[in-house]
J.: 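Let me give you the structure first, and then I'll get to my questions.
Per chain, numbering begins at 1; letters A, B, ... match sequence-line order. Every value quoted in this text rests on a predicted model; they were computed, and no experiment measured them.
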Amino acid sequence: MSTALAPARTDERLTGVPGEPLDHRRYRRMRFIRRFEETLLQLFEEGALNGTTHACIGQEADAVAVTEHLTEGDHIFSNHRCHGHYLAHSGDALGLMAEIMGKEAGVCRGLGGSQHICAPGFKSNGVQGGIVPNAAGIALANQLSGNDAVSVVFIGDGTLGEGVVYETLNMASLWKLPLLVVCEDNRWAQSTPIAANMAGSFPGRFSAFGVPVRSVDSTDVAEISQAAGQEIAAVRAGEGPRVLLIHTYRLCHHSKSDDERPEQEIAERWLVEPLVVHGRRLSDSDRLRIDDEVETALGEVVATARALP
Amino acid sequence: MSTALAPARTDERLTGVPGEPLDHRRYRRMRFIRRFEETLLQLFEEGALNGTTHACIGQEADAVAVTEHLTEGDHIFSNHRCHGHYLAHSGDALGLMAEIMGKEAGVCRGLGGSQHICAPGFKSNGVQGGIVPNAAGIALANQLSGNDAVSVVFIGDGTLGEGVVYETLNMASLWKLPLLVVCEDNRWAQSTPIAANMAGSFPGRFSAFGVPVRSVDSTDVAEISQAAGQEIAAVRAGEGPRVLLIHTYRLCHHSKSDDERPEQEIAERWLVEPLVVHGRRLSDSDRLRIDDEVETALGEVVATARALP
Amino acid sequence: MIFAKELGDTLRGALTDDQRVVLLGEDIADPYGGAFKVTRGLSTAFPARVRTTPISEGAIAGVSAGLALAGYRPIAEVMFGDFLTLMFDQVVNHITKYQTMYADQATCPVIIRAATGGHRGYGPTHSQSLEKHFLGVPHLRVVAASLYHDPRVVFADFLRRDEPVLYVEHKLLYPQHLTLPVNGMVGDLIATSSGMLPTVRLSAVPREDCTVSVLAYGYQAHLAAKIVERLAIEEEIFAELIVPAQIAPMDWAPVLSSVTATRSLVTVEEGAGGWSWGAEAASVVSRELFGTLRRPVDVVASEPTIIPSSKAKESAVLVGSAQIEAAIRRAS
Amino acid sequence: MIFAKELGDTLRGALTDDQRVVLLGEDIADPYGGAFKVTRGLSTAFPARVRTTPISEGAIAGVSAGLALAGYRPIAEVMFGDFLTLMFDQVVNHITKYQTMYADQATCPVIIRAATGGHRGYGPTHSQSLEKHFLGVPHLRVVAASLYHDPRVVFADFLRRDEPVLYVEHKLLYPQHLTLPVNGMVGDLIATSSGMLPTVRLSAVPREDCTVSVLAYGYQAHLAAKIVERLAIEEEIFAELIVPAQIAPMDWAPVLSSVTATRSLVTVEEGAGGWSWGAEAASVVSRELFGTLRRPVDVVASEPTIIPSSKAKESAVLVGSAQIEAAIRRAS
Ligand SMILES: Cc1ncc(C[n+]2csc(CCOP(=O)(O)OP(=O)(O)O)c2C)c(N)n1
Ligand SMILES: Cc1ncc(C[n+]2csc(CCOP(=O)(O)OP(=O)(O)O)c2C)c(N)n1
Ligand SMILES: [Mg+2]
Ligand SMILES: [Mg+2]
């Protein structure tokens with residue numbers, strides 16, 4: 001069905017240099033997402049961008065970890081906070097930047113914008129919850145086709161408010177669909193703390209439907225990746241749907257400038273954010289070098305994107 | 001808000017004779033519902049009725065048991081299979097019969113018909129699931145008013161397919177609403193066995209939202225009543241929403257003539273249906289007397305209803 | 001040639017010929033075969049691709065969307081069209097958006113079949129014709145079953161094209177015989193068809209001799225045809241009945257050419273009046289044929305209220321033969 | 001007199017005066033006070049009756065219905081009107097049915113407030129004006145916020161009556177100043193109001209001197225007013241702008257009396273074209289004033305497609321000042 005508009009444009013300085021150690025690669029890829037988002041927020045402040053955006057600052061490890069285990073034929077459905085997922089999947093910084101700038105060279109020709117992205121193996125939509133059955137349908141297609149592809153859907157903690165999520169968990173479980181739900185619990189939904197949004201048991205929300213849940217309370221890309229790898233392998237092996245529940249934190253505001261969370265809480269989380277946690281595994285000089293490479297590459301992307309018609 | 005069209009018309013021979021033992025009363029009330037439903041099905045076969053109906057034959061104990069603990073100010077929201085609930089609540093056989101006959105004297109003037117009933121303290125609607133938040137809203141009203149009234153909603157096992165049920169469980173739990181969900185698990189939803197409809201854990205569907213579940217696998221009105229009494233008392237005491245999960249069986253077809261379930265399965269359930277189970281507590285002569293009284297009273301209801309304009 | 005059976009055979013043919021076709025819906029599996037028995041036998045023949053679902057209309061639509069995005073051809077059954085409300089978000093914000101908002105990098109050809117309509121005493125929540133609320137959803141086709149349209153032709157069109165479609169099947173059509181045009185005739189009426197998903201025109205006499213055009217779909221078209229036939233025979237009142245399959249977006253050309261001849265139009269639908277199907281027809285025809293009409297377009301629709309359960313009260317609310325006949329008389 | 005602030009004050013007044021009023025919605029609690037800040041301060045003042053909810057639009061509507069059935073006056077906020085889709089079942093099959101199907105033994109006066117509309121680059125799922133799909137839902141009133149209607153008057157009407165209502169608030173109205181008629185004027189335009197929930201008419205000159213009537217609501221009415229004013233001053237093109245608060249069911253009388261004078265009508269809305277608000281207007285006006293119009297009714301609506309995120313593409317799709325001006329010129 002899908003016919004790509006153009007091959008995704010990637011840059012090794014952003015997505016990983018052949019032969020570099022895994023730790024470097026992971027750091028680079030997270031740094032790439034982080035700096036993309038920060039750049040975007042800056043462009044918004046400059047007034048260079050239209051509309052709105054939801055940055056995933058603080059959650060970069062999730063995207064990088066999960067996509068490490070995906071392969072050609074797998075599919076990601078993402079939500080409003082989709083940039084990290086998309087960049088980890090495709091590396092296509094220019095396509096996404098151009099999209100958010102509303103340019104014709106954008107990955108959806110400027111039609112979709114920040115929340116509505118499509119590229120081979122990837123889609124997102126900005127309506128909470130509804131993408132979950134969509135991802136399950138893709139999983140059903142894979143099951144019917146008899147391939148071993150995995151359909152992954154990213155949702156937030158707040159999205160567990162939407163009933164269609166449960167309808168889908170039930171159906172996916174009944175039909176043993178090859179679906180992985182990645183629930184990024186960043187403790188907040190827009191302005192609402194999880195305590196005001198969710199009663200009962202977080203993992204119980206899934207296990208009640210016979211869907212196994214793997215919880216990871218971590219911002220460490222290595223730890224998340226290990227869990228993601230096992231879950232994806234199980235789904236790929238035909239064991240039915242599974243949930244990877246990642247307890248993480250969003251360090252930036254929800255969308256553009258709305259943040260009323262306790263400063264202390266945010267400050268504490270900056271101490272354990274993915275780049276800090278994983279960055280320790282690299283030498284200072286390697287980190288600085290990679291930071292630099294990412295900066296240069298991203299600078300080129302922004303310049304190119306700005307110059308686009 | 002509610003302004004009754006007319007006071008509910010009751011007949012002691014159907015709803016309970018003052019001073020009679022509880023066992024007699026319960027038998028009478030269940031017998032009343034049973035015979036009302038059977039009469040209705042017969043009238044349909046005769047072609048005397050229009051539309052469709054969902055009889056609750058086999059599930060009479062649930063309605064009788066739950067309503068024993070409700071009082072003025074409490075509210076019942078029921079579903080497509082609402083006759084038993086309504087009759088146990090109001091005793092208004094004539095109003096319901098006239099309603100299903102489409103007569104002006106019907107409890108909703110013939111506008112609602114079998115599935116859409118309203119009377120003081122009682123409402124029903126024929127759309128699966130949507131009544132659950134409606135009942136929760138009534139519970140919220142009671143909470144805001146500071147009274148100790150209980151809002152009860154009856155749903156079937158299959159209705160756990162609807163997402164809005166979970167949305168509501170979450171909200172009711174967060175807000176500690178005085179809501180009792182009575183889930184009548186009759187093993188089938190229309191033609192679909194529970195195994196094809198529900199993955200995972202039945203009580204887990206509720207407890208995942210922090211809503212305590214009391215399961216009763218019984219058709220014994222006494223046993224169900226005991227459980228219902230405790231659950232309703234807890235809700236009334238302000239402990240938040242609770243679920244009474246009754247595993248029962250529907251002995252008749254789903255609506256009018258559609259039944260493809262295994263005959264053997266149905267036959268086995270006839271051996272443990274509520275009237276048989278509870279009837280053992282009465283002498284043969286008491287049973288026959290009550291049967292007779294119910295028959296006479298119902299006969300009068302039908303004759304009166306038929307003669308209505 | 002019972003419609004429900006022909007429709008079932010059509011679905012069987014689609015499942016046989018096209019491995020991409022998947023049926024989803026509540027209680028559609030054997031031995032039950034759906035509330036209106038349309039899918040009877042199909043789950044036995046195609047167990048993997050004919051799936052009874054839990055009672056989850058939102059997820060049925062949403063899973064169908066995913067299947068379609070992945071290249072399958074899902075056909076979702078809605079037991080009662082009244083419950084299309086629970087699919088509204090998937091239809092409006094997912095299914096019909098994907099192709100365009102993704103700059104044509106994906107398609108989402110979901111087919112939703114819904115049993116609609118009243119006159120059976122099912123009451124307020126099981127009798128509605130809610131399709132009017134889906135008219136004008138961008139990128140959604142709404143198509144109505146009728147006795148003049150071969151479901152094979154209709155579904156061949158659905159499966160050939162990449163757009164999502166809502167197909168409404170009035171319950172009262174299920175037990176009826178299809179009356180497809182044969183040799184240019186349907187019974188005693190002259191029948192003309194035009195278009196890929198044809199608009200059928202029926203009249204007792206050539207268009208030039210008709211004094212009113214009647215635009216109707218679904219079960220109401222069947223009622224209207226009987227009236228058109230009877231008025232012609234008994235009273236020499238000649239109307240041309242126009243029965244589109246696709247009711248949105250509309251190909252107005254056949255309507256305009258008919259009304260150009262008759263200079264009078266009545267539209268008929270069972271849905272509630274007010275912002276209904278016929279309103280758009282009236283708007284378009286009044287504009288396109290401005291100054292040439294003999295009388296205003298008459299939009300016949302049901303009372304804008306709940307559909308009562310009682311037979312007498314239901315008849316007073318829903319459009320039936322009496323209202324159609326009166327309107328044709330007025331307008332002829 | 002910023003609209004968002006006035007609306008917030010109106011809600012505060014309602015909460016103060018009427019113990020039955022309860023506000024529900026996503027992120028409406030302090031310190032956030034809602035995505036558009038309308039409810040800021042209210043949860044602090046009325047913690048029990050102003051409740052932030054989980055992200056559960058269906059249950060928000062459904063719980064509101066229960067509150068209303070129990071005698072309360074729930075006001076539910078929908079963060080983006082695009083998500084009204086998820087309330088559709090509650091609106092169509094529950095809220096608007098109860099009173100009538102229960103033979104007036106209950107009422108269900110739910111008020112739903114939805115932030116609608118585009119022109120902000122929010123893209124396909126956060127920019128829509130979906131109210132057209134709610135027009136003609138039996139027993140539902142649809143009312144549109146405008147700068148010419150005092151929200152206090154509007155909510156007083158809602159709370160006085162027992163019917164459910166959908167109140168659409170175009171996002172671009174929030175930061176604007178209300179421009180209520182003062183001494184029969186709005187700026188340089190003559191203003192006349194009629195009705196309980198008034199229909200406001202604005203024109204530079206008396207109606208007799210106007211050559212076109214313009215029917216618009218919400219943000220589009222604000223755009224249209226500026227054009228009406230400018231065309232009058234700069235080019236002596238005189239139009240009468242009619243701005244209803246209640247857009248369904250419509251009181252057509254003020255429209256008909258205006259068009260009787262001008263014999264020309266343009267309708268304007270931001271929703272997608274096709275079976276839109278204006279279609280019913282065209283249908284009614286073409287019928288009621290048959291033979292007296294100078295030209296067909298012109299229905300101006302947005303392109304029937306997704307609303308793009310890119311500014312340039314969004315402007316090409318959504319109705320804005322350019323389309324309104326062109327239509328008024330054509331029709332005058
Ligand atoms: C159906 C729907 N309702 C409301 C919104 C508005 N909204 C956008 S993001 C958001 C919060 C989502 O929270 P969560 O799922 O925790 O994801 P996070 O933003 O924290 O990543 C809300 C309410 C929406 N996009 N869709
Ligand atoms: C939203 C909705 N979807 C589908 C139906 C059609 N329907 C009526 S009853 C029923 C089965 C309900 O099963 P369950 O909840 O187990 O209740 P039971 O009939 O067994 O009492 C279905 C699917 C409906 N009424 N509402
Ligand atoms: Mg979150
Ligand atoms: Mg059941």
J.: Contact part of Leu84(D) toward chain C, heavy-atom cut-off under 4.5 Å: side chain, backbone, both or neither?
T.: neither
J.: At a heavy-atom distance under 4.5 Å, which candidate from Gly278(D), Gly274(D), Gly291(D), Gly271(D) has the highest pair count against chain C?
T.: Gly274(D)
J.: Do Val212(D) and Leu265(D) have side-chain heavy atoms sitting under 4.5 Å apart?
T.: no
J.: With Val300(C), which of Val214(C), Val319(C), Ile328(C) fulfils side chain to side chain contact (heavy atoms under 4.5 Å, CB included)?
T.: Val319(C)
J.: Which atoms of Pro249(C) are under 4.5 Å from chain D, going by heavy atoms: the side chain, the backbone, both sets, or neither?
T.: backbone
J.: Is Ala248(C) in contact with chain D via its backbone, its side chain, both, or neither, using a 4.5 Å heavy-atom distance?
T.: both
J.: To check you understand the geometry: which heavy-atom pair defines the closest contact between Gly81(D) and Leu130(D), and what is its length?
T.: O-CD1, 4.0 Å
J.: Need one label for Val137(C): side chain, backbone, both or neither, based on atoms under 4.5 Å from any heavy atom in chain D.
T.: both
J.: Between Met87(D) and chain C, which part of the residue has a heavy atom less than 4.5 Å away: side chain, backbone, both or neither?
T.: neither
J.: Given side chains that start at C-beta, do those of Leu24(D) and Val63(D) come closer than 4.5 Å, heavy atoms only?
T.: yes
J.: What I'd like to find out is whether the side chain of Val78(C) reaches to under 4.5 Å of the side chain of Ile112(C), using heavy atoms alone.
T.: yes
J.: Is there any N or O donor on one of chain C and chain D with an acceptor on the other under 3.5 Å, and could you list each such pair with its distance?
T.:
residue, atom, partner, partner atom, Å
Asp82(C), O, Asn93(D), ND2, 2.9
Thr85(C), OG1, Asp89(D), OD1, 2.7
Thr85(C), OG1, Asn93(D), ND2, 3.2
Asp89(C), OD1, Thr85(D), OG1, 2.7
Asn93(C), OD1, Gln128(D), NE2, 2.9
Asn93(C), ND2, Asp82(D), O, 2.9
Asn93(C), ND2, Thr85(D), OG1, 3.2
Lys97(C), NZ, Gln128(D), OE1, 2.8
Gln128(C), OE1, Lys97(D), NZ, 2.8
Gln128(C), NE2, Asn93(D), OD1, 2.9
Lys132(C), NZ, Gly136(D), O, 2.7
His133(C), O, His133(D), ND1, 2.8
His133(C), ND1, His133(D), O, 2.8
Gly136(C), O, Lys132(D), NZ, 2.7
His139(C), NE2, Thr305(D), OG1, 2.7
Trp275(C), N, Glu280(D), OE1, 2.7
Trp275(C), NE1, Trp277(D), O, 3.2
Trp277(C), O, Trp275(D), NE1, 3.2
Glu280(C), OE1, Trp275(D), N, 2.7
Thr305(C), OG1, His139(D), NE2, 2.7

J.: Could you report the tightest heavy-atom contact between Ala245(C) and Leu197(C), atom names first, then the distance?
T.: CB-CG, 3.9 Å
J.: Can you see which heavy atom on Ala106(C) is nearest to which on Leu69(C), and at what distance?
T.: CB-CD2, 4.0 Å
J.: State, yes or no, whether a side-chain contact exists between Leu256(D) and Val285(D) at a heavy-atom distance under 4.5 Å.
T.: yes
J.: Taking side chain as everything from C-beta outward and backbone as N, CA, C, O, which of these in Phe290(D) sits under 4.5 Å from a heavy atom of chain C? Side chain, backbone, both or neither.
T.: side chain
J.: Is it the side chain or the backbone of Ala301(D) that comes within 4.5 Å of chain C heavy atoms, both, or neither?
T.: neither
J.: Working to the nearest 0.5 Å, report the span between SG of Cys108(C) and CD1 of Ile95(C).
T.: 5.5 Å
J.: So Phe88(C) and Phe88(D), would you call those rings parallel, tilted or perpendicular, with 30° and 60° as cut-offs?
T.: parallel
